[in-house]
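The structure appears right after this line, and notes come after that.
Please read all numbers here as calculations on a predicted model, not as lab measurements. Residue numbers count from 1 along this sequence. Because only heavy atoms are used, hydrogens play no part in the values below, and waters and symmetry mates are left out as well, while side chains stay in.
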Amino acid sequence: MLGNDGAAAAIRLARDAPLHSTLDVADPDDWLALDAGVRKVAWYHPQSLPDWEHSAPLPADLSRLGESRLALALCHRDGRIRKEALRESARYPGLLPLVVIRCADWAEPVRERARKSLDEALGVDSAVGLAPFILRLGRRDRGAFGVGVLERVLRQASLEQLAVLFGDPDRIVRRFAYRLALEGGLLSPVELARAAARDADSVVQDLCATAALATLGHEGAYEDVLPALLRARNPRTRSAGVTGLRQAGWPKRAESFLGDRSALVRACARYVVRQHGGDPTAWYRDRCSSPDDPALPPGAVIGLAECGNRADAELLRPLLAHRAEGVRARAVAGLRVLDRVVVEQLRPLLDDPAAAVVRETAVALLPSARELPADWLLQRTGSERPRHVRVGAFRLLDARGGIVTLRAAVGLLDDPDAKLRTWAGQSVQRWHPSADVRGCEAEVGQLLDRSRHLFSDYVLRRRKWQAGVSS
């Protein structure tokens with residue numbers, strides 16, 4: 001990859017270095033860097049280019065140029081040379097990426113000549129290879145023409161040819177390829193379901209999963225498609241599969257997804273169960289009524305809070321001591337959702353060995369941060385404590401404001417964790433004195449002096465003045 005070294009590549013091409021050894025012809029960035037690099041060299045180092053590159057008048061004949069120098073001509077700062085070079089570009093199919101660039105050229109005569117050349121030269125095989133590049137340039141001004149040509153050509157492609165683009169790292173390319181495949185009816189429902197389960201892009205997931213379910217017309221087909229959707233790691237595809245269970249008339253299978261780790265999947269499962277007369281809330285209550293059950297899914301715990309009522313908090317409280325950290329964390333989250341947080345009951349969980357539990361506990365206790373003992377929280381910001389405990393304690397201290405927040409933040413400026421140090425520094429910088437600093441002016445002054453590297457002299461003096469600290 002050339003990076004920003006397009007100028008060096010231009011100089012090598014001017015010395016007749018082969019194109020394929022000068023840049024990575026499969027990398028769009030290299031072609032774009034070369035296009036910019038030729039103009040940079042022509043402006044700052046014209047002597048590095050062939051005589052015709054920086055001389056006048058316009059050369060009458062470019063037909064004798066080889067591939068490397070014709071590539072330079074296609075990037076020339078003079079539009080007349082770019083246009084003439086386009087007439088010769090058909091001799092070298094490897095220069096087609098530069099023709100694509102010229103299709104968005106600022107000069108209309110060059111642009112029109114390039115578009116004609118692209119229209120004539122682009123076939124299915126070359127379109128597959130250039131698709132990522134054309135789609136990338138399509139995001140530029142005047143880039144829509146190339147995308148239109150690409151779309152027209154690839155409508156004639158077979159599934160095997162389009163499949164090359166299904167695995168492209170650029171999600172825009174994958175979306176484009178799957179849309180064409182869907183419009184052409186090239187993928188079976190099973191293939192669509194597998195694509196939805198496999199791809200990491202949410203748009204592709206929705207496109208393929210929706211299309212897979214829309215094409216199903218009889219019960220036997222569901223047996224092949226739904227398992228692929230339901231086994232997917234991504235929740236959007238799983239939720240589509242769960243919704244498909246209603247279509248297939250299999251509500252009992254949806255019950256197993258009531259405790260899914262994803263809120264989206266749980267919501268879809270509840271919908272399917274209710275549509276067939278089931279009671280998801282009763283299912284959740286039944287699962288959560290056994291606090292010692294080692295197989296209790298964490299999703300069932302938060303699911304109860306999502307569709308239950310405040311009385312269900314009594315089923316969640318015993319789960320705060322469950323052996324599985326996921327269950328403990330969801331129990332805390334569930335109590336917060338139901339607005340049934342008891343500060344003294346959750347406070348011990350700030351020392352939990354699981355980071356997820358401490359994180360949920362800190363969030364649940366934020367509205368009650370001032371009810372927690374400041375000294376007790378400050379002890380938990382010591383370097384001997386686990387990182388997640390220090391983070392949870394400081395989150396609550398930071399929410400309190402006043403002198404307590406300043407003490408905690410300054411104390412963490414030397415913390416071994418870089419992220420926590422940065423957070424503490426930001427907290428000091430945005431700190432402003434409140435009413436509770438009265439009588440603590442000397443301590444405030446000392447704390448601000450310890451953090452003077454975070455302020456300009458003016459801001460430090462003003463912050464001290466606001467706190468009533470005498471200079």
Given 3.5 Å as the limit, does a donor-acceptor pair link the side chain of [X] with the main chain of [Y], or not?
X	Y	value
S262	L264	yes
E325	V357	no
R77	R39	no
D30	L23	no
E255	V273	no
R380	R390	no
T405	L397	yes
T237	N234	no
R400	L372	yes
H322	P318	no

For V410 and L448, what are the C-alpha separation, side-chain angles and deciding distance, and is it a side chain to side chain contact (heavy atoms under 4.5 Å, CB included)?
CA-CA 8 Å; V410 173; L448 290 174; over 6 Å; no
Kindly give the heavy-atom pair with the smallest separation between S202 and R236, and that separation in Å.
CB-CD, 3.4 Å
Less than 6.0 angstrom from the centroid, inside 45 degrees of the normal: does R347 satisfy that with respect to the ring of W376?
yes
State, yes or no, whether a side-chain contact exists between F257 and R266 at a heavy-atom distance under 4.5 Å.
no
Answer yes or no: is there a side-chain heavy-atom contact under 4.5 Å between L13 and L34?
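L13 reaches L34 side chain to side chain.
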Assess whether a salt bridge exists between [X] and [Y], defined as any Lys/Arg side-chain N lying under 4.0 Å from an Asp/Glu carboxylate O.
X	Y	value
R328	E360	no
R102	D35	yes
R395	D398	no
R82	D105	yes
D29	R136	yes
R287	D293	no
R421	D415	no
D170	R139	yes

Enter the distance from [X]:[atom1] to [Y]:[atom2] here, rounded to the nearest 0.5 Å.
X	Y	atom1	atom2	answer
L346	R336	CG	CZ	11.0 Å
D199	C208	CG	SG	7.0 Å
L258	C268	CG	SG	11.0 Å
R194	L187	CZ	CG	11.5 Å
N309	R340	CG	CZ	10.0 Å

Applying side chain to side chain contact (heavy atoms under 4.5 Å, CB included), run through L365 and T361 and close with a yes or a no.
CA-CA 6 Å; L365 291 177; T361 303; 3.8 Å; yes
Angle between ring planes, F394 versus W423, binned at 30° and 60°: parallel, tilted or perpendicular?
perpendicular
Side-chain donor-acceptor pair under 3.5 Å between R270 and Y284, yes or no?
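Distance-only check passes for R270 and Y284.
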Would you please test D449 and K464 for salt bridge (Lys or Arg N to Asp or Glu O under 4.0 Å) and show each step?
CA-CA 9 Å; D449 283 338; K464 286 183 174 181; 2.5 Å; yes
